[in-house]
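Accompanying notes for the structure given below.
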Amino acid sequence: MSGQTWRRALVTGGAGFVGSHLCGRLLDTGSDVVCLDNLATGSRSNVAGLQQRDGFRFVRGDATDPAAWQELPGRFDLVLHFACPASPADYLRLPLETLEVGSTGTRHALERAHADGARFVLASTSEVYGDPLEHPQRETYWGNVNPTGPRSVYDESKRFAEALVTAHRQVNGTDTAIVRIFNTYGPRMRIGDGRAVPAFISQALDGMPLTVAGDGSQTRSLCYVDDTVGGVLALAASGEPGPVNIGGGEEITMLDLARRIVEVTGSSSRIRFVERPVDDPGRRRPDTRLAQERLGWQPRVDWTEGLKRTIGWFSRTVAA
Ligand code: NAD
């Protein structure tokens with residue numbers, strides 16, 4: 001991976017789960033970092049540690065609001081557009097906001113990157129592949145998305161955002177990149193956000209039944225957050241436009257995930273099967289050859305280690 005550093009980076013959604021880790025890594029490499037976040041799904045506690053560090057600034061503002069952009073002084077050489085509700089519970093609660101931040105929010109972020117001559121990276125998602133008919137998913141696959149289903153507010157918001165980024169690159173020559181992130185886990189996921197890893201861990205730590213959707217045979221390929229952040233920054237440092245998949249290599253059923261979490265926590269919890277959400281994808285695994293070939297990237301943190309670190313963080317947070 002390249003040792004490219006940035007003088008001044010803007011991270012929209014920097015008070016969220018992935019965004020706060022990105023801010024931290026950028027500070028580690030010597031960049032000044034501005035985080036623009038409206039705290040719709042993120043929190044001040046995610047950036048509390050960062051606010052003690054030189055070069056970090058938190059700005060509370062909405063990426064869809066032109067005034068918020070005008071209030072960001074100075075020039076950026078990197079714009080990472082990560083603002084967007086990401087867990088199904090959040091985007092189902094905030095459907096219009098999710099579509100707005102993918103459309104209007106992405107437009108403002110692109111215009112700022114263009115005006116500043118900055119490198120721009122859009123956080124897109126494996127959800128653009130919908131319930132995939134191709135497995136594993138390569139970047140060339142167009143996806144299988146229900147445009148009016150409950151998940152469409154997220155999937156189509158990101159698909160529109162990808163189209164907007166592509167058009168800005170073609171029309172204005174903006175230096176853009178698209179990263180398609182697959183399910184990521186790690187410290188600072190929100191316990192109540194409805195995603196499987198925080199839900200299972202908190203249930204296991206509380207000795208409650210782990211609620212597995214359907215029969216638990218649906219798969220995901222989870223990637224530890226440090227690896228995801230490494231992939232995003234490797235893409236930023238490259239000249240690649242993407243889209244590039246970044247995600248974990250090991251495909252796991254939700255039932256196996258629940259069992260592993262019970263094992264690592266040493267919990268006495270049982271498994272309880274609950275109704276599966278509408279349009280929940282059946283299988284998900286990235287083909288990451290492009291990231292390996294073009295960015296020299298591959299995930300490094302294995303399951304045992306990643307889960308240990310995540311469970312350790314949740315235990316300390318729940319206990320605090
Ligand atoms: P998150 O909900 O923890 O973080 C999103 C952040 O964006 C929050 O801090 C929220 O307050 C902020 N935000 C939302 N709307 C905003 C707006 N209009 N203006 C300013 N800030 C706004 O989610 P996350 O898991 O950290 O995801 C971050 C990004 O990565 C998202 O764009 C998401 O689509 C993408 N992504 C995440 C995953 C994953 O597994 N976590 C997978 C694929 C893609």
Side-chain angles (χ1 to χ4, degrees), residues 13-25 28 41-50 82 85-90 126 181-214 216-232 246-274 277 280 284-286 298-320:
F17 160 49
V18 180
S20 61
H21 286 275
L22 266 174
C23 290
R25 186 79 69 88
D28 292 344
T41 60
S43 70
R44 281 187 187 274
S45 62
N46 283 344
V47 290
L50 303 176
F82 275 64
S87 88
D90 287 337
S126 54
I181 300 170
F182 282 63
N183 298 73
T184 295
Y185 72 101
R188 299 194 201 131
M189 295 189 91
R190 249 180 34 246
I191 283 180
D193 85 357
R195 290 187 265 200
V197 170
F200 292 167
I201 292 178
S202 65
Q203 289 164 338
L205 291 175
D206 288 346
M208 303 294 285
L210 274 67
T211 47
V212 172
S217 62
Q218 64 277 24
T219 67
R220 298 291 181 271
S221 304
L222 291 117
C223 189
Y224 189 66
V225 64
D226 288 358
D227 282 331
T228 299
V229 163
V232 170
I246 291 292
E250 195 194 344
E251 189 177 352
I252 183 170
T253 69
M254 289 299 96
L255 184 55
D256 279 344
L257 174 65
R259 287 181 176 142
R260 277 196 205 187
I261 288 176
V262 168
E263 198 182 299
V264 179
T265 51
S267 169
S268 56
S269 292
R270 294 168 181 277
I271 307 283
R272 183 157 65 85
F273 294 97
V274 296
D280 185 38
R284 206 33 98 49
R285 179 155 65 89
Q298 57 184 14
R300 295 183 193 284
V301 180
D302 69 24
W303 257 109
T304 319
E305 180 57 28
L307 273 185
K308 245 195 264 166
R309 289 187 205 172
T310 310
I311 289 167
W313 182 83
F314 272 96
S315 311
R316 290 191 297 278
T317 308
V318 171

- List the steps, then state whether side chain to side chain contact (heavy atoms under 4.5 Å, CB included) holds for I261 with L307. CA-CA 8 Å; I261 288 176; L307 273 185; 4.1 Å; yes

- Please report the C-alpha distance between R195 and S87 in whole Å, then the side-chain angles of each, then the deciding distance to 0.1 Å, and finally whether the side-chain hydrogen bond (donor to acceptor under 3.5 Å, both in side chains) criterion is met. CA-CA 6 Å; R195 290 187 265 200; S87 88; 4.8 Å; no

Side chains of [X] and [Y]: closer than 4.5 Å at any heavy-atom pair?
X	Y	answer
L205	I201	yes
Q203	T211	yes
M254	D256	no
F182	C223	no
D193	F17	no
L257	V197	yes

- In terms of ring plane angle, is the pair Y185 and Y224 parallel, tilted or perpendicular, where the classes change at 30° and 60°?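 Ring orientation, 0 to 90° scale: perpendicular.
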
Taking all atoms of both residues into account, what is the closest heavy-atom pair of [X] and [Y], and its distance?
X	Y	result
L50	C23	CD1-CB, 3.6 Å
S269	A204	OG-CA, 3.6 Å
S43	S45	OG-OG, 2.9 Å
R309	P187	O-CG, 4.4 Å
V212	A258	CG2-CB, 3.8 Å
T41	R190	O-NH1, 2.9 Å

- Query: Charged N to carboxylate O under 4.0 angstrom, D28 versus R25?
  - Reply: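 No, no charged N to carboxylate O under 4.0 Å.
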
- Task: Inspect the contact between E250 and R260 and indicate whether a charged nitrogen and a carboxylate oxygen are less than 4.0 angstrom apart.
- Result: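 Yes, this pair counts.
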
- Query: Can you name the ring pair (Phe, Tyr, Trp, His ring centres under 6.0 Å) partners of F200, sequence neighbours left out?
  - Reply: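 So F200 forms no ring pair (Phe, Tyr, Trp, His ring centres under 6.0 Å) with any residue.
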
If we ignore hydrogens and angles and just use 3.5 Å, is the side chain of [X] paired with the main-chain N or O of [Y] as donor and acceptor?
X	Y	answer
Q218	A213	yes
S221	R284	yes
N183	L222	no
D227	G247	no

- Given the rule in the side chain to side chain contact (heavy atoms under 4.5 Å, CB included) test, do V262 and R259 qualify, once you have shown the distances and angles that lead to the verdict? CA-CA 5 Å; V262 168; R259 287 181 176 142; 5.7 Å; no

Euclidean distance, [Y] [atom2] relative to [X] [atom1], rounded to 0.5 Å:
X	Y	atom1	atom2	value
S202	L210	OG	CG	8.5 Å
H21	N46	NE2	CG	7.5 Å
F314	M189	CZ	CE	7.0 Å

- Query: When you look at K308 and E263, which way does the salt bridge (charged side-chain N to carboxylate O under 4.0 Å, His left out) test go after all the steps?
  - Reply: CA-CA 11 Å; K308 245 195 264 166; E263 198 182 299; over 6 Å; no

- List the steps and the verdict of side-chain hydrogen bond (donor to acceptor under 3.5 Å, both in side chains) for T219 and E251. CA-CA 6 Å; T219 67; E251 189 177 352; 2.7 Å; yes

